[in-house]
Every structure is written in structure tokens, then in C-alpha cells.
Amino acid sequence: YCQQIARDNEINFILDTITNEAIIPDENGYIAQLDLDRLKLFLNNKYSKNNTDADKLIRDCRISFSTIYSALGWDDNNGAWQYFKKFLIEGFVTLEILIDQKTNSVSGFLELDPITLQPDILTTEDGKQIFVWYQFKGESRQRIIPDSNLIYVAWNSRSPSRSNNISYVESLTRSFTMLKQLEDSQLIWNI
């Protein structure tokens, strides 16, 4: 429903304007930067200023940030712009973190449809409870995704399995519907 409303020229213009105002690249083309000043301050207070472990940690953070930034597709074309606009329309962005088992590092992200996900708690054989997400629960293609491997951003704080999810576009529907009714009334009156 929201995608249909978002296709209207007036609503699409509003969404483009908001996205343009929210996603603003700096002079180097980055829309986000890693701020390590507080980490540096903490490490300098905890360790000596010449500590190579602290320098290595800072360097590793910068490398990891660049890797994730690229894996999200934010370094070329307008990947962040597209994610943000989609978030405004649908109210959700859900990404599965893909891990390379050989290097034990993030190899990429897979966008998932949040409607196919359902949160749950599993009890392991040793009695521990872990938070997981079922994808396609009850179907032959069912998958269990650990919570640590999922990025789930929602417009509201309610569960994805509830039907009353709200996106930015849904808040525009009433005003949009009233505007269309006024335009139709004016047209009918003029005719």
C-alpha cells in the first residue's frame, strides 16, 4: 500500500526532498565517518601513548569501517540514498550479515524482506536461551538466523510480525487523500 502511494508525483517529490536533505555526502563523497576520538582518548588514558596494540586497534576499526561501508554499497552510486528512501516508504530495512567462515570477517550483506522474519527464543542443548529470527517459519525453506547476524531497523518499535507497522509514507496518506478529495471536488464543481 505504501509503495503505491509513494509512486504519486507529489509524495515521491516529498520523499526525494527528505532523502536529499538526510543523505548529504562530504567533500570526499562519504555520507558517514567513523569518529574514533573518544576511543583514542580512552586508549591513551588506559595505555601508554606509544602502545602499538592501541594503534593497531584504531587501524583495524578504520579498515573494518571501510569494508562495511563498501559492502553496503554506500561508496559508489547512491546506495545509502536508496536505502533511506526505501526506509521512509516501507518503514523497515533488514540486512543479514554474511560472514566469510575462512577469514571470520564480514563478506557482505543480504537484504531480506522483513515480512518473512519472525523473532523467537531458542533453548540450546545446554539450557541457554538465544534470540533468533526465523525466516519463512513453518515452510520447507525455513531458516534460523542468529540475532547477531541481522540488522533490523524499524520506523517504530513494534514487532515485525504485527500488522500495524508505521512508515513515514503512512503518515502522509491522510493528508494526501484529503488533498485528492479537494482536487476532485473542485474539478466536479468547475464542470
[X] vs [Y] side-chain heavy atoms within contact, under 4.5 Å:
X: D120; Y: I144; answer: no
X: F13; Y: D8; answer: no
X: I130; Y: T124; answer: yes
X: Y152; Y: L112; answer: no

[X] with [Y], same ILVMFWY side-chain cluster at under 4.5 Å:
X: F42; Y: L57; value: yes
X: V132; Y: L98; value: no
X: V153; Y: I23; value: yes
X: I63; Y: I68; value: no

N/O donor-acceptor pair under 3.5 Å between [X] side chain and [Y] backbone:
X: T123; Y: G127; value: no
X: D184; Y: Q186; value: no
X: N20; Y: D16; value: yes
X: N28; Y: Y30; value: no

Specify the closest pair of heavy atoms between [X] and [Y], including all atoms of both residues, with the distance to one decimal.
X: L39; Y: C61; result: CD2-SG, 4.1 Å
X: G108; Y: A71; result: CA-CB, 4.1 Å
X: L72; Y: Y83; result: O-CE1, 3.6 Å
X: I58; Y: K40; result: CD1-CG, 3.7 Å
X: I11; Y: A6; result: CG2-CA, 3.8 Å
X: S148; Y: I97; result: O-CD1, 3.8 Å

Next item on the list: Could you go through the side chain to side chain contact (heavy atoms under 4.5 Å, CB included) check for S105 and I99 one step at a time?
Entry: CA-CA 6 Å; S105 62; I99 306 292; over 6 Å; no
State the [atom1]-[atom2] distance between [X] and [Y], to the nearest 0.5 angstrom.
X: N12; Y: I89; atom1: CG; atom2: CD1; value: 7.0 Å
X: D113; Y: E111; atom1: CG; atom2: CD; value: 9.0 Å
X: Q142; Y: K137; atom1: CD; atom2: NZ; value: 7.0 Å
X: Y168; Y: T19; atom1: OH; atom2: OG1; value: 9.5 Å
X: F109; Y: L150; atom1: CZ; atom2: CG; value: 11.0 Å
X: F87; Y: F92; atom1: CZ; atom2: CZ; value: 9.0 Å

Note to self: Working note: T103 + D100, criterion side-chain hydrogen bond (donor to acceptor under 3.5 Å, both in side chains); need CA distance, chi angles, decisive distance, verdict.
What the structure shows: CA-CA 6 Å; T103 61; D100 182 358; 3.2 Å; yes
Notebook entry, point to check: Can F84 and I18 be said to form a side chain to side chain contact (heavy atoms under 4.5 Å, CB included), step by step?
Noted result: CA-CA 9 Å; F84 189 80; I18 292 169; 4.2 Å; yes
Next item on the list: If the plane angle is over 60° it's perpendicular, under 30° parallel, otherwise tilted; pick one for Y69 and W74.
Entry: perpendicular
Next item on the list: Over 60° means perpendicular and under 30° means parallel, so classify the ring planes of W133 and F131, tilted if in between.
Entry: perpendicular
Next item on the list: Would you mind telling me which of L122, L117, T116, I145 makes a side-chain contact (heavy atoms from CB on, under 4.5 Å) with Y134?
Entry: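 Considering L122, L117, T116, I145, a side-chain contact (heavy atoms from CB on, under 4.5 Å) with Y134 is found only for L122.
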Next item on the list: Before accepting this row, confirm whether a basic side-chain N of the pair K56/D60 lies closer than 4.0 Å to the acidic partner's carboxylate O.
Entry: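 Yes, K56 and D60 are salt-bridged.
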Margin query: Could you check whether K85 pairs with E90 (Lys NZ or Arg NE/NH1/NH2 to Asp/Glu carboxylate O, under 4.0 Å)?
Written below: no
Notebook entry, point to check: So does R38 have more than 12 non-hydrogen atoms from other groups sitting under 6.0 Å from CZ?
Noted result: no
